[in-house]
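Below you'll find the structure, written out as structure tokens, and then a few comments.
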Amino acid sequence: MSGSYDRYLGMDRPITRRDFINGASMAIGAAMLAPGHAIGATRSPEPQNQPGYNPPIKDGLRGSHPGSFEIAHSLRDGTFWQSAGQPVDTRESYDLVIVGGGISGLAAAYFFREKAGKSARILILENHDDFGGHAKRNEFHLGGRLQLSNGGTFLIDSPNPYSPVADGLLKKLGIDPPKFEAEYTDHKLYRSLGLRSGVFFDKATFGEDRLVVGTPGSGWDDDEIQASPARKTATWPDFLARTPLSPEVQRDIVRIQEAKTDYMPGLSSAEKKARLSKISYRDFLLNLVKADPGVIAFYQTRTDGEWGVGIDAEPALDCWALGLPGFQGMNLEPGAAPNMSYSAAGYANGGSYRFHFPDGNASIARLLARALVPDAVPGRTAEDVVSAQVDYSRLDREDAPIRIRLNSTVVSARNAGEPAAAKEVEVTYASGKQVFRVRAKGCVLACWNMTIPYLCPELPEAQKTALHYLVKVPLVYGSVGIRNWTSFQKLGIRGVAAPGSYWSAFSLNAAVNIGEYRSPTKPEEPILLHLSRAPCKPGLPAREQHKMGRYELLATTFETFERNTRDQLARTLSAGGFDPARDIEAITVNRWPHGYGYEYNPLFDPDWPEEQRPNVIGRKPFGRITIANTDSAATAYTDSAIDQAYRAVNELSGGL
């Protein structure tokens, strides 16, 4: 990339704290693994107790940020204990230690206190610098106004209705999704300004750069959460005529979108569904619809946001349930069928209620933290938590029954004695340059499945194998602050699908007004953009794609993310007057190499009986240790995190 083009993009412009995020934090992570850990009689002062500590305001690389994963990697590689020395016994004793401060871990603490009483002593250990797990919050101050975006889990949504347990917890926290959706989400703002969806065709994939506005139908914005269908302003032939696609490809896309052809004549709906569950959507388009191969690039990334892989690795039947085209004439009966993924089966039956807090499900994590440590999160309602300022110094106080300790990577969780007879669990964690040990009557591992075999090497081999099976889905969410959105107004767009570009989609931040929080309403005001990317590798089985995507994310520097972000926004929006050097004010990249929970994929995974599924085998209790996370449900949804926490606490509490 030439220096002059980099200057045009604004690569020479300062991005607040970029150098700290990429430099100093990496040095801190390396120091954690250095030989000769300084072992003292007491714990060092915690970073979260320092004045001004506020992780959501950090930009640069977030998500699994530098300093959050290096210790876990050294434990995996067998090098951690070579330099760790003997852990310091803190002499802290708890009723419960929870490993992982995500929604599952926080919910486990909530449920355990309900059972054990308000005096129950609980310690939550979290390796990241903030609580919430994948429910992370990006906080910006643009033009003197607080603006929020999700750094991970986007919205309250599930393929199935929330269980009485999960729904009950939301209600106890003051969250009423149907009411909030109706009262706080502004569905009219962007429509009132004439903004629509568009598709950006990039030169490398489609032969030239071209933005085409006015996509017929709905579903092209990766983060679209509007309850009403997208505005239809053009027919498919009209839209496609403005694209760089060949006449043959245009013709076949129209056929895919509109034709009512039965591609499996003579078969019943059940027989069709059975066959569609065993072929990819890509193969459906090529081999049954007989479409021109050029259509694949147009549709390839349509499933990235749901499953982290493209249409080459997703069953056609699942894509039917998600609303992708081509099935209009197939006469498929409504509802789920055997051999569907969890998401597809649920959405085929209707799904759950939906609501998007301005910071995604980070608000749920903040409400749970308030319920557990009231002094740390001011306010009383689900509405006021959005603008509340967390006092991180109050999360881990000696006089509090429940404590949340950040920047603490657990490296061991062992039953004290034979698992069947153990009375306690010893939990060892690393923080800074030191290693510490605490004890508890029980332990809930609310961390990722793949780390558990390294924390509990005494687990049965079959259980460790099962825990390793579910490869988490890598993904990236970007949050970009821009000084105004007049370019979007001039171009008439709200969101852009970019099937061949680095980011597969980006859009103006969802307009939500709740409590004291207000979204921008005028194009002349600063606003946040939400970007999404799934680093998949088409052609490989889904689990292999996830592994390769993880390696890519861990090797990608912030500079690469920034350059690709500036380049894509410039190429897409320049016709509207967008200047990347002038208009971009902040960039946060939420990188999740170990992202959302893996769903079983009918194309690649056996159709196990329930009791033989890896998630079921993997979550079995082990002495006084139980397991709670979305991996345990083989899904990636907040309600599953809550339900699994409830199960794990019930398994544990009977023996306490």
| query | Given R62, which of D130, D129, N590 fulfils the side chain to side chain donor-acceptor pair (under 3.5 Å) condition? | reply | D129
| In a check of side chain to side chain donor-acceptor pair (under 3.5 Å) between T638 and each of N361, T630, D157, which one passes? | N361
| task | Name all residues meeting the ring-ring contact (aromatic ring centres under 6.0 Å, His included) criterion together with W503; count only those two or more places apart in sequence or in a different chain, and write none if there are none. | result | none
| field | Trace of the side-chain contact (heavy atoms from CB on, under 4.5 Å) decision for D167 with Y353 | value | CA-CA 10 Å; D167 180 65; Y353 45 51; 2.7 Å; yes
Pairs of donor and acceptor atoms involving the side chains of residues 520-527, under 3.5 Å and at least two apart or interchain, shall be tabulated with distances.
residue, atom, partner, partner atom, Å
E525, OE1, T521, N, 2.9
E525, OE1, K522, N, 3.0

Any side-chain heavy atom of [X] sitting closer than 4.5 Å to one from [Y]?
| X | Y | value |
| --- | --- | --- |
| V496 | V199 | no |
| K172 | Y110 | yes |
| P216 | Q257 | no |
| L276 | L332 | yes |
| L553 | R550 | no |
| L170 | F355 | no |
| F140 | L528 | yes |
| F506 | V480 | no |

Do the rings of [X] and [Y] sit parallel, tilted or perpendicular, given the 30° and 60° boundaries?
| X | Y | answer |
| --- | --- | --- |
| H530 | F154 | tilted |
| Y342 | Y637 | tilted |
| Y469 | Y600 | tilted |
| F131 | Y392 | tilted |

| request: Report the C-alpha distance between T635 and S640 in whole Å, list the side-chain angles of each, state the deciding distance to 0.1 Å, and finish with yes or no for side chain to side chain donor-acceptor pair (under 3.5 Å). | output: CA-CA 7 Å; T635 67; S640 296; 2.8 Å; yes
Do [X] side-chain atoms and [Y] backbone N/O form a donor-acceptor pair below 3.5 Å?
| X | Y | value |
| --- | --- | --- |
| R613 | G618 | no |
| R533 | Y502 | yes |
| H546 | G595 | no |
| E599 | A344 | no |
| Q568 | S501 | no |
| S387 | D384 | no |
| W307 | V473 | no |
| R494 | Y190 | no |
| S197 | G495 | no |
| T185 | H187 | no |

| query | How far apart are the C-alpha atoms of Q545 and D312, what are their side-chain angles, what is the distance that settles it, and do they pass the side chain to side chain donor-acceptor pair (under 3.5 Å) test? | reply | CA-CA 11 Å; Q545 292 200 41; D312 62 295; 3.1 Å; yes
Closest heavy-atom contact between [X] and [Y]?
| X | Y | result |
| --- | --- | --- |
| W320 | A348 | CZ3-CB, 4.4 Å |
| Y477 | G152 | CE1-O, 3.0 Å |
| H356 | A510 | CD2-CB, 3.7 Å |
| F604 | A313 | CE1-O, 3.7 Å |
| C536 | G308 | CB-O, 3.5 Å |
| D59 | I587 | CB-O, 3.2 Å |

| message | Given the ring of Y299, does R282 sit roughly above its face, with NZ or CZ under 6.0 Å from the centre of the six-membered ring and within 45° of the axis? | response | no
[atom1]-[atom2] distance between [X] and [Y], expressed to the nearest 0.5 angstrom:
| X | Y | atom1 | atom2 | answer |
| --- | --- | --- | --- | --- |
| D631 | L445 | CG | CG | 12.0 Å |
| L491 | I493 | CG | CD1 | 5.0 Å |
| N160 | Y347 | CG | OH | 9.0 Å |
| L189 | L195 | CG | CG | 7.5 Å |
| L531 | N564 | CG | CG | 11.0 Å |
| I402 | L372 | CD1 | CG | 4.5 Å |

[X] [atom1]: over 12 foreign heavy atoms closer than 6.0 Å:
| X | atom1 | value |
| --- | --- | --- |
| R380 | CZ | no |
| M548 | CE | no |
| E183 | CD | yes |

| Partners meeting side-chain contact (heavy atoms from CB on, under 4.5 Å) with V165 (sequence neighbours left out) | F111, S163, I642, D643, Y646
| request: Would you sort out whether K136 and W592 count as a side-chain contact (heavy atoms from CB on, under 4.5 Å), showing the intermediate values? | output: CA-CA 11 Å; K136 282 291 189 289; W592 297 107; 3.7 Å; yes
| Derivation and outcome, side-chain contact (heavy atoms from CB on, under 4.5 Å), residues N629 and W448 | CA-CA 7 Å; N629 50 37; W448 302 334; 5.8 Å; no
| field | Contacts of type side chain to side chain donor-acceptor pair (under 3.5 Å), residue T303, not counting sequence neighbours | value | none
| query | Considering residues at least two apart in sequence or located in another chain, which fulfil the side chain to side chain donor-acceptor pair (under 3.5 Å) criterion with S479? | reply | N138, S149
| For R591 and T556, what are the C-alpha separation, side-chain angles and deciding distance, and is it a side-chain contact (heavy atoms from CB on, under 4.5 Å)? | CA-CA 10 Å; R591 173 191 63 176; T556 303; over 6 Å; no
| task | Could you list the residues that satisfy salt bridge (Lys or Arg N to Asp or Glu O under 4.0 Å) with R137, not counting sequence neighbours? | result | E139, D359
